[in-house]
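For reference, the structure is listed below as structure tokens.
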Amino acid sequence: MISWNNLSTLDSYKKLQSLSGGVTLSDVLSGAAGANRVKSFQVPMASGLTYNYAAKQVNEQVLDVLKKLSEEAQLVEKFAETYNGAVINTGEKRLVLHHLTRGQLGKDVIADNVNKRDFYVSQQKAIADFAEKVHSGKIANAKGEKFTTVVQIGIGGSDLGPRAMYLALKEWARAQNLCKMNAEFISNVDPDDATAVLKNVDLPHALFILVSKSGTTLETLTNEAFVKDALKKAGLEPSKHMIAVTSETSPLAHNPDYLAAFYMDDYIGGRYSSTSAVGGAVLSLAFGADVFARFLNGAAAADKTAAEKDVLKNPALLDALIGVYERNVLGYPATAVLPYSQALSRFPAHLQQLDMESNGKSVNRAGEAIDYVTGPVIFGEPGTNGQHSFYQLLHQGTDIVPLQFIGFSENQTGNDVVIEGSTSQKKLCANVTAQIMAFACGKTDANPNKAFAGNRPSSIIYGKQLTPEALGTLLAHFENKVMFQGFIWNLNSFDQEGVQLGKTLAKKVLAHDTDGALKAYAELLNI
């Protein structure tokens with residue numbers, strides 16, 4: 001029997017609070033014992049990746065209590081409830097089925113009289129067929145010429161995840177001669193965003209993907225109108241240059257204004273939609289359906305490890321539990337995501353939405369106020385750029401911020417040069433390993449301005465190369481980590497009421513249905 005309880009009521013959490021404030025990293029990482037810790041405090045992930053937590057402030061005692069917390073909170077059992085079709089999204093009374101977009105973990109899930117796994121597979125196949133026809137020229141522009149660019153129009157989860165995934169694979173695909181089409185993205189309702197993209201696009205050879213599950217998203221429909229106006233001014237018929245990704249009940253479905261439509265449903269949240277048609281259409285058009293399938297395989301493999309009951313064999317669950325220890329016991333307010341890979345330049349931005357929109361809650365699943373902190377602030381930039389930006393605060397600031405490094409021993413392109421005895425890739429890897437130890441152990445100095453307190457915890461996910469499979473595993477790891485943390489905090493991680501109030505007020509402003517301070521603010525910008 002599954003029980004949903006607040007974290008503060010769990011005996012294992014009270015035991016966790018009674019422990020000391022974590023290990024001193026400079027002690028446990030010194031000498032031969034430190035080398036052994038680095039080699040042993042790690043968990044294999046799917047797709048050749050590894051999660052290493054040696055520089056986290058945990059020891060066997062803490063880990064034992066975290067295991068008890070996992071059991072008492074029934075975390076793996078709640079995951080099984082999720083992929084087997086329970087109503088996990090209590091706010092909207094919906095199933096949560098993004099795991100089914102990439103694989104079958106449990107029993108068949110029938111919803112709306114449809115086998116949902118079969119439905120998602122059918123959409124993946126429809127996208128693959130469409131992409132092949134575009135690549136071969138069977139679907140072409142009015143002159144019979146091939147489309148060369150695909151432009152995704154969407155916002156939030158319809159942009160951040162797919163954009164991050166595209167950028168992550170773009171140079172890899174070029175190096176493998178698998179780049180079929182260039183991709184661009186329009187998200188912001190700011191007209192300068194669409195203008196900048198359209199100026200760089202050859203309109204007669206551009207195919208646009210309109211992504212909106214409801215078919216009513218204001219920013220997306222505004223940008224669609226912007227694009228249609230540009231197409232008409234260029235003497236082009238918009239319906240011959242646009243496809244839609246939406247739900248079957250939206251006004252975009254079965255609509256002659258689009259060359260084709262591909263479908264998702266209410267059981268896929270926007271920030272969890274990169275493995276659905278939302279990411280599938282743009283990635284399949286850009287790189288080919290086979291590459292998208294490899295990406296899905298990596299995500300599915302990670303989901304299987306997330307179903308493992310043994311915490312020390314379940315990297316997403318272990319990552320989640322350590323994160324809760326840092327947030328709720330050690331009191332750390334934020335987490336920095338630091339990929340030492342330029343390909344992952346927008347991955348931290350995607351994780352900001354994934355984590356903060358999911359677990360930025362102050363009431364539990366029943367709508368009751370909770371008496372403990374929940375999701376941390378997420379931010380980050382690729383290394384080594386971040387080292388010359390905000391690392392000063394991370395090293396010597398008054399707040400301790402846990403760090404999530406990501407690194408690969410090989411780059412994606414195979415292109416490199418030896419400078420001063422080492423390649424650029426070796427220099428990149430040297431920087432990430434140095435930073436882990438610098439944060440953990442610090443440095444004493446007679447000059448306080450040059451002293452580093454250390455004891456700044458970090459973990460690293462590492463592997464050989466960022467491939468489609470590795471990217472899928474990386475994405476699913478963080479999706480599952482966020483899910484597990486939501487379970488621990490007894491939150492509904494799958495709605496986002498916090499974004500609705502601003503939308504409602506914006507409509508009032510545009511309708512001039514305002515008074516008082518709201519009206520005065522609107523007048524500042526001549527609305």
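Index from 1, following the sequence.
Using a 4.5 Å heavy-atom cutoff, the side chains of S274 and L475 are in contact. Counting heavy atoms from C-beta on, the side chains of L178 and W172 come closer than 4.5 Å. Residues V151 and E184 have side chains in contact (heavy-atom distance under 4.5 Å, counting atoms from C-beta outward). Using a 4.5 Å cut-off on side-chain heavy atoms (C-beta onward), D265 and E248 make no contact. Between E92 and N89, the closest side-chain pair of non-hydrogen atoms falls below 4.5 Å. Side chains of T246 and V211 form no contact here, defined as non-hydrogen atoms less than 4.5 Å apart. A heavy-atom distance below 4.5 Å is found between the side chains of I243 and F130. At least one side-chain heavy atom of E479 sits under 4.5 Å from a side-chain heavy atom of L354.
Using cut-offs of 30° and 60° for the angle between ring planes, the F494 and Y272 rings count as tilted.
Taking OG from S70 and CG from N314, the interatomic distance works out to 7.5 Å, rounded to the nearest 0.5 Å. The CD atom of E497 sits 9.0 Å away from the CG atom of N492 when rounded to the nearest 0.5 Å. Here CZ of F408 is found 8.0 Å from OG1 of T467. Values are rounded to the nearest 0.5 Å. Atom CG of L160 is separated from atom CD1 of I155 by 8.5 Å, given to the nearest 0.5 angstrom. Summarising the geometry, atom OG1 belonging to T335 is positioned 4.5 Å from atom CD1 belonging to I378; distances are rounded to the nearest 0.5 Å. In this structure, OG on S362 lies 12.0 Å from CG on D371, to the nearest 0.5 angstrom.
Checked for salt-bridge contact, K240 and D257 miss the test: no charged N lies under 4.0 Å from a carboxylate O. Ion pairing between E145 and K143 fails under the 4.0 Å rule for side-chain N and carboxylate O. Ion pairing of R294 with D290 is absent here, as no side-chain N (NZ or NE/NH1/NH2) approaches a carboxylate O to less than 4.0 Å. Residues R117 and D108 are not paired through a salt bridge, judged by the lack of any N-O separation under 4.0 Å between the basic side chain and the carboxylate. The pair K233-D229 meets the salt-bridge criterion, since a charged nitrogen lies less than 4.0 angstrom from a carboxylate oxygen. Here K67 does not pair with E71 in a salt bridge; the nearest charged N to carboxylate O distance is not below 4.0 Å.
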(message) Set out, in order, the CA-CA distance, both residues' side-chain angles and the distance that settles side-chain contact (heavy atoms from CB on, under 4.5 Å) for L252 and Y258, then state yes or no.
(response) CA-CA 8 Å; L252 307 181; Y258 306 97; 3.3 Å; yes
(request) Take R102 and T275 through the test side-chain hydrogen bond (donor to acceptor under 3.5 Å, both in side chains) and record every step on the way to the result. (result) CA-CA 7 Å; R102 58 251 194 168; T275 53; 3.1 Å; yes
(request) Check step by step if side-chain hydrogen bond (donor to acceptor under 3.5 Å, both in side chains) holds for S358 and S493. (result) CA-CA 4 Å; S358 295; S493 301; 5.5 Å; no
(request) Given ring pair (Phe, Tyr, Trp, His ring centres under 6.0 Å), test F287 with F295 step by step and report yes or no. (result) CA-CA 11 Å; F287 307 128; F295 168 66; 10.0 Å; no
(message) I'd like to know whether T149 forms a side-chain contact (heavy atoms from CB on, under 4.5 Å) with L207, so could you lay out the CA-CA distance, the side-chain angles of the two residues, the decisive distance to 0.1 Å, and finally the verdict.
(response) CA-CA 6 Å; T149 300; L207 186 63; over 6 Å; no
(request) List the steps, then state whether side-chain contact (heavy atoms from CB on, under 4.5 Å) holds for Y120 with N115. (result) CA-CA 9 Å; Y120 299 137; N115 180 302; over 6 Å; no
(message) Is there a side-chain contact (heavy atoms from CB on, under 4.5 Å) between K481 and Q485? Walk through the geometry before answering.
(response) CA-CA 6 Å; K481 173 187 176 181; Q485 289 186 328; 3.8 Å; yes
(message) Determine whether E81 and K78 satisfy the following criterion, salt bridge (charged side-chain N to carboxylate O under 4.0 Å, His left out), listing intermediate values before the conclusion.
(response) CA-CA 5 Å; E81 287 280 290; K78 287 171 181 174; over 6 Å; no
(message) Let's go through R271 and Q496 carefully: what are the C-alpha distance in whole Å and the side-chain angles of both, what is the deciding distance for side-chain hydrogen bond (donor to acceptor under 3.5 Å, both in side chains) to 0.1 Å, and is it a yes or a no?
(response) CA-CA 10 Å; R271 56 195 175 275; Q496 55 283 332; 2.6 Å; yes
(request) Walk me through it: do W489 and N6 pass the test side-chain hydrogen bond (donor to acceptor under 3.5 Å, both in side chains)? (result) CA-CA 6 Å; W489 288 317; N6 284 358; over 6 Å; no
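Between F405 and Y462, the distance from one ring center to the other does not fall under 6.0 angstrom. Aromatic ring centres of H241 and F147: separated by under 6.0 Å. Checked against the 6.0 Å centroid criterion, the rings of F79 and F487 do not qualify as a close aromatic pair. Taking the six-membered ring wherever Trp is involved, the centroid distance between the rings of Y263 and H254 falls below 6.0 Å. Aromatic pair H98/Y267: centroids not less than 6.0 angstrom apart.
Checked by atom type, the side-chain pair E219/T217 shows no donor-acceptor distance below 3.5 Å. Residues D303 and N480 have side chains that bring a donor and an acceptor to within less than 3.5 angstrom of each other.
For the pair E72 (side chain) and S12 (backbone), a donor-acceptor distance under 3.5 Å is present. At distances below 3.5 Å, at least one donor-acceptor pair connects side-chain atoms of K146 with backbone N or O atoms of H135.
Heavy atoms from other residues, nucleotides or ligands lying under 6.0 Å from CZ of R346 number 12 at most.
Under the side-chain contact (heavy atoms from CB on, under 4.5 Å) test applied with L344, the options L167, V337, L471 reduce to a single match, L471.
Closest approach of M356 to P376, counting heavy atoms only: CG-O, 3.8 Å.
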